[in-house]
Structures are given as C-alpha cells and as structure tokens.
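Notes to accompany the following structure.
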Amino acid sequence: MNSPAGNEVNSGILRQVMPFDWSTPPGKAVLWQRDMSRRVILCPLPEPQVVAGIDVAYSAGGTNGYAAAVVMTLPKLKIVETQSEKFEIRYPYRPGLLAMREGPVTAAVLKKLTRRPDVIIFDGAGIAHPRRFGIASHFGVLFDIPTIGCAKTALLSVVGELGPKRGDFAPILLEAEVLGAALCTRPGVQPVHVSPGHRVDLACTIDLVLATTTKYRLPEPIRQAHRLANSLRAKDRQ
DNA sequence: GCGACAG
DNA sequence: ATCTTGTCGC
C-alpha cells in the first residue's frame, strides 16, 4: 500500500536481526526483558532525516490488531510512505509486556517498509520501564535501529513538577537513574512520557518529540499512524 | 499485604 | 486498547 509498484513485500529495508518467539510465556518474557535490556545502547542520534511512527488499533473484543506505519521526512514532516498489517491478537495485555501483545503485527508491518527510517517512534515506553525494556527498546534491539518510546500515560511515575511551557519536562526515575521524561509538547495539555528505546539518548529523544510535534499533543508520526490504523479497522468492519 | 500498572 | 454520553470551547 503506497509503495511504488504497489506490491513489494519484504523489501528487506528493515531486517529483524535477532530471532524472538512471540509466544514466550509471561514469566519467561519478563526474564528475557531483564536480560536483553543490557543490549540497549544510549548514544546521540545523528540528525535524523526520516522518521517513522507505529501504532496498533484493535477490533471489538481485541480479536484482531491493525498496525500502521507512517514514514515522514524531517523537518517538513512530509509523508513519504505508509504501510499496514492485520493480525490476530493472541497475547493478553499485561503492564510491562505490551511488546508481547503488539509484537507480531508490529514486526510484520515494519518488514513491509521500503524506506528506511533513521529513527522509529513507538506508542509506549522505551527504557522508562520496570525492566528498562519497553516496546521501543524491544524493537530497537530486534531490528538494530534507533527507536524512542512516547506514551500518553505513565508506566513509571514522574518525579517533581513540570512547567507549563512547550519543552518543559520532569524526570522519570528508576533506582535514582533518569530514564525518561514527562514532556510538555503543547501548553494546556497533558504531557507525554518519553524515553529512549535504543541507539538514542534522552536529550535526542526530547528533541525528536519536539521536532515532530506541531499543533497536536502527540508526535505527527504516531498520530498519523493512529489515524490510519483506526480507518483500516473501520473499513474492515462493514 | 496493598496499590499501581504503556496499550 | 475498546466501550459509551454528554460537555466544554475554539
């Protein structure tokens, strides 16, 4: 959908470099997260030119998941590619294990991309996670690509007050370490909870979220992905 | 033991 | 996340 010839699948632009069993039971998945978090790399992100956003919508009852990916240029935020995928959702939602639930359909849509993003924004946590391995970190390590997490609500609590101006933020701590931030993207609206996923640092994460946020609370890539996922679900049921 | 808890 | 009705404000 939207690729030049209209039907390229698995162009290989994005490769999963590490195998993973999405049916791994919760207990083992938790241990795996703790172990894999050691592979997360925090470093500056070279000036990104292309950014992607991913989101998943669910059918009534949560039987099916519709994943959408939107790729845009920076700093113009011009959409250059969109892809989508539909999968049956088999894993139950458990705080801290979102990647297990949304992983299969998300991996599938990522593999459809023909444009390689310099960084991918996920709707959820990066390292601001109980085991420092939210969905953004999970996909960053699996695909060896820079990722960030941008959640609408907190998984880990925010420490301190944050100012009311765009760009103001308050730290998210775990064991006295700053992992992320509650960031004001627009005055007068609830902050977003951001954290590095992989191959970026917190400063670059904040810069990217501000660079992709225009007149809405959420970064354009995930906002557009959200809209696309919802429209696909709507089209599918009628 | 109790409460909190991305989507 | 999804399910719902109404409400406030530009």
Side-chain angles (χ1 to χ4, degrees), chain A residues 22 26-27 29-30 33-34 36-37 40 53-69 84-110 120-141 147-159 170-175 179-183 185-198 202 205 209 214-219 221-223 225-238:
Chain A
W22 295 110
V30 163
Q33 290 180 326
R34 215 186 303 284
M36 293 304 288
S37 68
V40 168
I54 304 279
D55 190 44
V56 178
Y58 295 85
S59 60
T63 308
N64 295 306
Y66 300 80
S84 61
E85 188 56 87
K86 174 188 178 182
F87 264 54
E88 181 183 349
I89 298 295
R90 308 186 176 212
Y91 215 89
Y93 172 71
R94 295 256 306 263
L97 292 176
L98 177 64
M100 298 304 299
R101 182 168 167 80
E102 302 193 340
V105 69
T106 299
V109 79
L110 284 179
I120 305 173
I121 306 178
F122 285 79
D123 193 338
I127 60 172
H129 174 278
R131 294 167 293 280
R132 305 178 187 217
F133 207 70
I135 190 169
S137 300
H138 195 130
F139 276 93
V141 170
T147 60
I148 74 165
C150 179
K152 296 177 289 298
T153 61
L155 180 53
L156 298 182
S157 53
V158 179
V159 176
I172 294 174
L173 308 180
L174 180 64
E175 296 159 353
L179 299 183
L183 174 67
T185 56
R186 281 203 75 182
V189 303
Q190 287 298 109
V192 292
H193 296 67
V194 305
S195 59
H198 185 52
L202 182 55
T205 294
V209 170
T214 55
K215 52 195 303 194
Y216 299 95
R217 178 193 178 209
L218 300 178
I222 56 177
R223 198 178 76 83
H226 191 269
R227 295 184 55 180
L228 176 55
N230 279 325
S231 71
L232 289 165
R233 174 186 55 192
K235 183 186 301 181
D236 212 31
R237 62 170 182 197
Q238 65 67 45

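Just so it is clear, the structure is predicted and the values come from calculations on it, not from any experiment. Chain letters run A, B, ... following the sequence lines, proteins first, then strands; residues in each count from 1.
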So, R233(A) and N230(A): side-chain donor and acceptor under 3.5 Å apart, yes or no?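 The answer is yes; a qualifying pair exists.
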side-chain contact (heavy atoms from CB on, under 4.5 Å) with [X]: which residues, sequence neighbours excluded?
X       : result
A182(A) : V158(A), L162(A), P191(A), H193(A)
S231(A) : L228(A)
S59(A)  : T63(A), N64(A), Y66(A)

Taking any heavy-atom pair under 4.0 Å as a contact, classify [X]: base, sugar-phosphate, or nothing.
X       : result
G62(A)  : nothing
G96(A)  : base
H129(A) : base
Y58(A)  : sugar-phosphate
A60(A)  : sugar-phosphate
R131(A) : nothing
A57(A)  : sugar-phosphate
L156(A) : nothing

On DNA chain C, which is the earliest and which the latest nucleotide, 5' to 3', with an atom closer than 4.0 Å to a heavy atom of chain A? dA1(C) to dC3(C)
Is the closest side-chain heavy-atom distance between F122(A) and T106(A) below 4.5 Å? yes
At a heavy-atom distance below 4.0 Å, which nucleotide of DNA chain B is the first touched by chain A, and which is the last?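 Extent of the interface on DNA chain B: dC5(B) to dG7(B).
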Partners passing side chain to side chain donor-acceptor pair (under 3.5 Å) against R131(A) (at least two apart in sequence or in another chain): Q33(A)
Under the side chain to side chain donor-acceptor pair (under 3.5 Å) rule, collect the residues that match up with D123(A), sequence neighbours excluded.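 Here the qualifying residues are K152(A).
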Using modelled atom types only, decide if a donor and an acceptor are shared between the side chain of T185(A) and the backbone of R217(A) within a distance under 3.5 Å. yes
Taking only Watson-Crick and G-U wobble pairs with both distances under 3.5 Å, what dot-bracket line describes DNA chain C, where [ ] shows pairs that cross earlier ones and | shows pairs with another strand? ..........
Can you list, pair by pair, the side-chain donor-acceptor contacts under 3.5 Å of residues 86-99 of chain A, counting residues two or more places apart and other chains?
unit_1, atom_1, unit_2, atom_2, d
K86(A), NZ, D236(A), OD2, 2.7
Y91(A), OH, T24(A), O, 2.7

OG of S157(A) to CG of L174(A), rounded to nearest 0.5 Å, is 9.5 Å
Could you check V192(A), I121(A), V209(A) and say which one makes a side chain to side chain contact (heavy atoms under 4.5 Å, CB included) with I222(A)? I121(A)
Pairing stems for DNA chain B [at least three consecutive pairs; Watson-Crick or G-U; under 3.5 angstrom]: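 None - DNA chain B has no stem of 3 or more consecutive pairs.
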Non-neighbouring partners of F133(A) that pass ring pair (Phe, Tyr, Trp, His ring centres under 6.0 Å), sequence neighbours left out: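 So F133(A) forms a ring pair (Phe, Tyr, Trp, His ring centres under 6.0 Å) with W32(A), H138(A).
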According to the salt bridge (charged side-chain N to carboxylate O under 4.0 Å, His left out) rule, which pairs have a member within residues 188-197 of chain A, sequence neighbours left out? none
